[in-house]
2 protein chains.
Amino acid sequence: MVADELRRRILSGAIPPGALLPSETTLIAEFSASRGTIREAIGLLRAEGMVVTEHGRGSYARPVLPVRRLGSERYRHELDRLARGEDAPEETSFTRDQGIRWSEYQLDREFREVPASAALADLFGVEPGTMVLERRFVFRAQGVPQQMSTSCLLLDMVAGTPVADPANEPWPGGNTAQLHSLGVTITGVRERVRARMPVADEVGTLRIPGGVPVVTLTRQTYAGERVVEVALDIVIPADRVELDYYIDLT
Amino acid sequence: MVADELRRRILSGAIPPGALLPSETTLIAEFSASRGTIREAIGLLRAEGMVVTEHGRGSYARPVLPVRRLGSERYRHELDRLARGEDAPEETSFTRDQGIRWSEYQLDREFREVPASAALADLFGVEPGTMVLERRFVFRAQGVPQQMSTSCLLLDMVAGTPVADPANEPWPGGNTAQLHSLGVTITGVRERVRARMPVADEVGTLRIPGGVPVVTLTRQTYAGERVVEVALDIVIPADRVELDYYIDLT
DNA sequence: CAGTGGTCTAGACCACGCT
DNA sequence: GCGTGGTCTAGACCACTGT
């Protein structure tokens, strides 16, 4: 099997990460197979996430990307800083995990005021149809798309405040600081994690290569018993992130 | 594009989850395309996780599977029970999240005593080469493989104890109860989450259909400052699980 | 057995990247 | 322009599923 042999070469390091595979023409000669067979083999490796293919250039053993670590402590750090009354630092919860400064960031944003869907209302613990501020974000760092997300706030909590103005994004210190400015101190965050293959829209926006799944987070931010923010769907390409949770049992 | 049209039919519900797609022969006629084109389209949908294909039967819109929820509270529940001095219940941390009883479980296990690799030693905070008990597990519930994992314990902590005997698995109450029996009370758990496409070996063992990623967990179990258990690689098919973390910030 | 998908061949033309 | 991958056709034979 052509795929097996190429996989073996990549895993053994004979074809190191980032290196070009032999061209289809070369492989046709080497394996005495037809082009369809060769392409099928490469397609399989692509689906497995072993190689990435670039039109007109060739197929590469997948290079190892720097991984951003998203730790559960990121919430506590920001909260501690706010409690000390300090200003927002150059780096914040989102950025400090990867050593990237705000200035290197791009943030696309789109705000809408919409009635809550059944799913969203359930996560907030309110009646369906309650008005919310829906904020869609796409984060880019140094040109590389990092994540897209839809974060919602209850409209009667934010209407008329600076939080409702897209021009104030990115807000130094993120959601935690934003809610703090409204007099809300968060007491907990619940995150539910799943993974799946990206849909076409996500592949385009996040520039996800073939064979890379996405990690999805559904986040509820609590202030006491009350849910004050819901991120319905934070979508992060899985080759760029590691989630880190510490569960304190004392 | 054939794939686009089929994707549209599935997403619109014209082909409901679990339903058979038209056969390749039918699609050749309907789209006036060659077999290669049709197969490529179905292959794409398979890679996207939209359809599953069964040899000799056909391709189905992917059925929705019941999802097992793995909550961070599972550790606390078990710990609370042990603190109360109760016996292990019929359901335990692992099973209670999905309503499956121990009796419906199968557990393949394989124990080895090996020197710690550099990565493992780093996670334990010990010298590389320190002897550990390496335990490989495959869990099945009602015939469906649920996860495979490699969990390690420091050998000088468990040698000669019932914990080191594979015959005592599955141990009622799981790792927490196991460590408790050694006089170790855990104080925290750190879990690092990633996702990727499965390798061939995992596809076979866990019976993962095409287009389904796996979620991987690296777990460190703490007793105070000390790491008492490390699960290097817990591998769970992503279509069967949701991880649930509550981060307390009070 | 007929019908399904799995694999393969041997050609063709098009689109992209580079020099 | 030349080499790369992207897409497509029109056949062939094999392997699995069901009646």
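Basis for what follows: all heavy atoms, side chains included, without hydrogens, waters or symmetry-related copies. Protein chains get the first letters and strands the later ones, always in sequence-line order, with residue 1 at the start of each.
- Here the C1' atom of nucleotide D/dT7 and the CG atom of B/Asp4 are 14 Å apart, to the nearest Å.
- One atom, CG of B/Leu27, and another, C1' of D/dC8, lie 16 Å apart when rounded to the nearest Å.
- Comparing C/dC8, C/dC18, C/dT4 by their nearest atom to the side chain of A/Thr37 picks out C/dC8.
- The distance from atom CZ of B/Arg39 to atom P of D/dA10 is 18 Å, rounded to the nearest whole Å.
- Across the protein-nucleic acid pair, A/Leu44 atom CG and C/dT7 atom P stand 9 Å apart, rounded to whole Å.
- Checking A/Gly56 against A/Ala33, the closest nucleotide of DNA chain C that is more toward the 5' end is the one next to A/Ala33.
- Using the six-membered ring where Trp is involved, A/Phe111 and A/Phe137 have ring planes that are perpendicular, over 60° apart on the 30 and 60° scheme.
- For B/Thr53 and C/dG6, the shortest distance from a side-chain N or O to OP1 or OP2 is not below 4.0 Å.
- Taking 4.5 Å as the limit, some side-chain heavy atom of A/Glu48 sits within range of a side-chain heavy atom of A/Leu45.
- Rounded to a whole Å, the NE2 atom of B/His55 is 4 Å from the C1' atom of D/dC16.
- No contact: A/Thr26 has no heavy atom under 4.0 Å from any strand.
- Here D/dT9 presents its C1' atom at 11 Å from CD1 of B/Ile28, a figure rounded to the nearest Å.
- A sub-4.0 Å separation between OP1 or OP2 of D/dT4 and a side-chain N or O of A/Thr25 is present.
- One interatomic measurement links the two molecules: CD of A/Glu24 to P of C/dT9, which rounds to 14 Å at whole-angstrom precision.
- For D/dT4, the OP1/OP2 oxygens have a side-chain nitrogen or oxygen of A/Ser23 closer than 4.0 Å.
- The pair A/Asp108-A/Arg136 does not count as a salt bridge, with every side-chain nitrogen at least 4.0 angstrom from each carboxylate oxygen.
- Residue A/Arg35 places a side-chain atom within donor-acceptor reach of the base of D/dT7, judged by atom type and a 3.5 Å distance cut-off alone.
- One distance of note links CG of A/Asp239 with CZ of A/Arg68; it measures 11.5 Å at 0.5 Å rounding.
- Heavy-atom distances to DNA chain C give each of A/Glu54 and B/Ile42 a nearest nucleotide, and the one nearer the 5′ end belongs to B/Ile42.
- Within the structure, every side-chain polar atom (N or O) of A/Arg57 is placed at least 4.0 Å from both OP1 and OP2 of D/dG5.
- Look at B/Arg219 and B/Glu191 and you find no salt bridge, because none of the NZ, NE, NH1 or NH2 atoms lies under 4.0 Å from a carboxylate O.
- Distance OH (B/Tyr60) to C1' (C/dG5): 11 Å, rounded to an integer number of Å.
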